[in-house]
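Following: one structure in structure tokens, then a few remarks.
Here is how names work: the chains are called A, B, and so on, in the same order as the sequence lines, proteins then strands, and each is numbered from 1.
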Amino acid sequence: MVSSKKYWLMKTEPETYSFADLLSKPGRTDGWEGVRNYQARNLMRDEFSYGDEVFIYHSSTAEPCIVGVARVVRTAYPDQTALNPKSDYFDPKSQALGASRWVAVEVQAIKRFHEPVSLKRLRAEASLASMALLRPGQRLSIQPVSEGEWRYICSLSPLVACDVAERETAPLSL
DNA sequence: GCCAACGTTGGC
DNA sequence: GCCAACGTTGGC
């Protein structure tokens, strides 16, 4: 039996890597690298399936918010940045091991919120009270999102397909 | 920049 | 395996 689609939330600091950065990649697809937490790694490695959908969340910024939706287009593979001494994500222990202890997945941006859904807004919604993201001291950079939470959040602001947005906004650059 | 809440490290 | 020290995250 084919398992049903699961939903996730992934945090990123937009100063380091923003949703716009993902949109700028070929095919709006990129490797989600640099996750250096076992719990988050295990979710990616053991739970992420092809086609799962992911909220992209901007953290450590003036207005923390969910900015868009991406789709898992490649399941977990070794995160090679852990073996690259020049990478910000270099991990000496992986180097000592001779293999990366970390994994990455590839995600493709598919939709953006017309109005990003702010953390403040999420906190104001009673039906999201038990959401993982809103728990005090929740630092996990990859979190499961229930189908109910997913649908509710998607109803809070219109979603714009990224390929459409590209056509509308991208100047001709040939 | 503060600080609470974690997670990791390493001595024992 | 305990746990103190240290580092990191991330909202405010």
Side-chain angles (χ1 to χ4, degrees), chain A residues 6-25 30-48 52-72 75-107 109 111-146 148-150 152-157 159:
Chain A
K6 295 186 291 307
Y7 300 97
W8 308 99
L9 177 144
M10 300 201 298
K11 298 180 185 176
T12 183
E13 299 186 12
E15 279 192 25
T16 305
Y17 190 98
S18 68
F19 191 66
D21 290 327
L22 177 58
L23 286 174
S24 75
K25 305 292 176 185
D30 202 9
W32 202 262
E33 299 168 333
V35 173
R36 296 292 179 268
N37 170 283
Y38 283 112
Q39 223 182 319
R41 179 201 69 179
N42 294 347
L43 285 175
M44 282 199 293
R45 188 190 60 191
D46 305 332
E47 304 290 338
F48 273 46
D52 283 359
E53 292 192 49
V54 182
F55 282 140
I56 305 298
Y57 175 83
H58 281 177
S59 66
S60 293
T61 185
E63 185 79 273
C65 56
I66 299 173
V67 283
V69 174
R71 178 165 48 206
V72 176
T75 52
Y77 60 95
D79 181 352
Q80 300 299 342
T81 63
L83 299 175
N84 177 4
K86 288 183 182 152
S87 168
D88 288 342
Y89 305 126
F90 177 60
D91 171 35
K93 286 208 169 179
S94 291
Q95 189 181 51
L97 237 58
S100 179
R101 355 173 231 170
W102 305 109
V103 303
V105 296
E106 275 185 12
V107 295
K111 288 175 263 186
R112 64 174 175 82
F113 282 104
H114 183 256
E115 216 42 65
V117 181
S118 69
L119 180 60
K120 214 177 294 175
R121 177 84 192 276
L122 296 172
R123 286 198 194 286
E125 300 292 338
S127 36
L128 298 176
S130 58
M131 191 178 175
L133 181 71
L134 306 182
R135 277 209 300 273
Q138 179 55 265
R139 300 185 308 164
L140 196 60
S141 63
I142 294 182
Q143 306 175 359
V145 175
S146 76
E149 291 162 351
W150 183 273
Y152 189 81
I153 291 166
C154 287
S155 77
L156 294 178
S157 169
L159 280 158

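In this structure A/Glu106 satisfies the salt bridge (charged side-chain N to carboxylate O under 4.0 Å, His left out) test together with A/Arg74, sequence neighbours excluded. Here A/Glu47 pairs with nothing under the salt bridge (charged side-chain N to carboxylate O under 4.0 Å, His left out) rule; sequence neighbours left out. Taking A/Glu33 as the reference, nothing meets the salt bridge (charged side-chain N to carboxylate O under 4.0 Å, His left out) condition, with sequence neighbours excluded. The side-chain hydrogen bond (donor to acceptor under 3.5 Å, both in side chains) search around A/Tyr77 returns none, not counting sequence neighbours.
Annotation: side-chain hydrogen bond (donor to acceptor under 3.5 Å, both in side chains) contacts involving residues 12-23 of chain A, sequence neighbours excluded, comprise A/Tyr17-A/Asp30, A/Ser18-A/Asp21.
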Q) Which parts of nucleotides 5-12 of chain C does protein reach within less than 4.0 Å, heavy atoms only, written one letter per nucleotide 5' to 3' as B for base, S for sugar-phosphate only and - for none? A) --BBBBSS
